[in-house]
A.B. asks: 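Can you read through this structure? Questions will come right after.
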2 protein chains.
Amino acid sequence: MRTWTISELSNEFGITPRAIRFYEDEELIQPTRVGQSRVYAARDRARLALILRGKRVGFSLDEIKEMLDLYNVKDGQATQLSYTIKKFSQRISMLEQQRADIEHSLEELRGARARLEVLLGEKQPHRKPANDDGHGRLIGYSMNAAARD
Amino acid sequence: MRTWTISELSNEFGITPRAIRFYEDEELIQPTRVGQSRVYAARDRARLALILRGKRVGFSLDEIKEMLDLYNVKDGQATQLSYTIKKFSQRISMLEQQRADIEHSLEELRGARARLEVLLGEKQPHRKPANDDGHGRLIGYSMNAAARD
DNA sequence: GCTTCCGTTGACGTAAGCGTCAACTCACAA
DNA sequence: TTGTGAGTTGACGCTTACGTCAACGGAAGC
């Protein structure tokens, strides 16, 4: 089975070797050694991928570590199992909330962009002064929804 | 029009006054003053909501400030406008990527939870030892997809 | 007038997540 | 033999986003 060096992985994932070693210090990955050099197996590479995705969705390294550890639950007691299940359920709710936040942000940004494009369309072709009092604001949805100034 | 004190807002949004003052230091909000006390208008409150949602979707305060500033573009040149539009488009792509990451993470977590629940079901009612070799791992999707150890 | 809140301004502290040296080892090619 | 290149271990530095005092200010109730 194939293995990887630290620089191979750092190139593949677009991170620095320093970062990878840091994840090891924090016990998120445990590569083997050949001499003093680290050797990464497919398992380590997969964990790295999970770590980076975890980061992209906003988990801290500690949280990611906890989740990775939860994946490794074996011959656990039923109590341990239901604890783990609860933990996963919590994470799931968090992500669902976050997805909703993202939907809202996307709506907002798209709306703002659309309005900007209208402005641009008015200004660019004919240098028409546009429907603008000169000091009006470009307003976002919830800016209007919540603010009444 | 109604206004708010700093503690009202900190209670409403579940953050500390210190945080709110920090956002002011970083120029994300500009409340007015009455004497030495800060007074928040609906506009400030709305901005605060946007800030917090921005944080929840993973933006840094600097990024959020930039976006809030972009909302305030007025009588800008066409070049400024298209710059702003480009920025918004970038944010939109980022969020779409992130939403995809979240979908994947959700799949993974739900899959893991489902498998855990099977284990729990096997163990709890009849204390049946479950289909487990005693040191097997509970495996996640991409753990299998990427790792072949 | 005194206390009790609620607010304010520094100032320093802290945790996370690496970046950035310095100094060293080891395999391997010239 | 002497680089050269890739890897290693400290160790300190840095940024972000506040937390946590300390010391002070004004209004309100008694």
A.B. asks: Using whole Å, report how far CG of A:L48 lies from C1' of C:dG17.
C.D. replies: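 After rounding, the reported distance stands at 15 Å.
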A.B. asks: Considering heavy-atom distances to DNA chain C, does B:Y40 or A:E26 have its closest nucleotide positioned more toward the 5' end?
C.D. replies: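 Residue closer to the 5' terminus by nearest nucleotide: B:Y40.
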A.B. asks: Which distance, rounded to the nearest 0.5 Å, do you find between the CD of A:E26 and the CG of A:D62?
C.D. replies: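 That separation rounds to 7.0 Å.
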A.B. asks: Grab the CG-P distance between B:D62 and D:dC18 for me, whole Å please.
C.D. replies: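 The answer, rounded to whole Å, is 12 Å.
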A.B. asks: Are any of B:T16's side-chain N or O atoms less than 4.0 Å away from OP1 or OP2 of D:dC18?
C.D. replies: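 Looking at the OP1 and OP2 atoms of D:dC18, neither is under 4.0 Å from any side-chain N or O of B:T16.
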A.B. asks: Can you check the B:I64 CD1 to D:dA17 C1' distance for me, whole Å?
C.D. replies: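 So the CD1-C1' distance, B:I64 to D:dA17, works out to 11 Å.
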A.B. asks: Report yes or no: is there a donor-acceptor pair, N or O only, under 3.5 Å between the side chain of A:R38 and the base of D:dT8?
C.D. replies: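 Side chain to base: no pair below 3.5 Å.
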A.B. asks: Take the protein atom CG of A:L9 and the nucleotide atom P of D:dA6, then report the distance between them rounded to whole Å.
C.D. replies: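 Spelled out: CG on A:L9 to P on D:dA6 is 16 Å.
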A.B. asks: With hydrogens left out and only the distance checked, is there a donor-acceptor pair under 3.5 Å joining B:R21's side chain and the base of C:dT8?
C.D. replies: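 No pair found.
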A.B. asks: Measure from CZ on B:F22 to C1' on C:dC12 and round the result to the nearest Å.
C.D. replies: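 Spelled out: CZ on B:F22 to C1' on C:dC12 is 14 Å.
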A.B. asks: Using a cut-off of strictly less than 4.0 Å, decide whether A:K65 has a side-chain nitrogen or oxygen near OP1 or OP2 of C:dA16.
C.D. replies: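 No, because none of the side-chain N or O atoms of A:K65 sits under 4.0 Å from OP1 or OP2 of C:dA16.
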A.B. asks: Using a heavy-atom cut-off of under 4.0 Å over every strand shown, decide if A:I15 touches base, sugar-phosphate, or nothing.
C.D. replies: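 Nothing, no heavy atom under 4.0 Å.
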A.B. asks: Any chance you could measure A:Q98, atom CD, to A:D101, atom CG, to the nearest 0.5 Å?
C.D. replies: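 The CG atom of A:D101 is 7.0 Å from CD of A:Q98, to the nearest 0.5 Å.
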A.B. asks: How many whole angstroms separate atom CD1 of B:I20 from atom C1' of D:dG19?
C.D. replies: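 Nearest whole value for this atom pair: 15 Å.
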A.B. asks: To the nearest Å, how far apart are A:R18 CZ and C:dT20 P?
C.D. replies: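 Value for this atom pair: 11 Å.
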A.B. asks: In whole Å, I'd like the distance from the CD atom of B:Q36 to the C1' atom of C:dC6.
C.D. replies: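 Distance, rounded to whole Å: 10 Å.
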A.B. asks: What's the separation between atom CG in A:L95 and atom CD1 in B:I102, rounded to the nearest 0.5 Å?
C.D. replies: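 Rounded to the nearest 0.5 Å, the CG-CD1 separation comes to 5.5 Å.
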A.B. asks: How far does CD of B:Q90 sit from CD of B:E63, to the nearest 0.5 angstrom?
C.D. replies: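 Here the interatomic distance stands at 10.5 Å.
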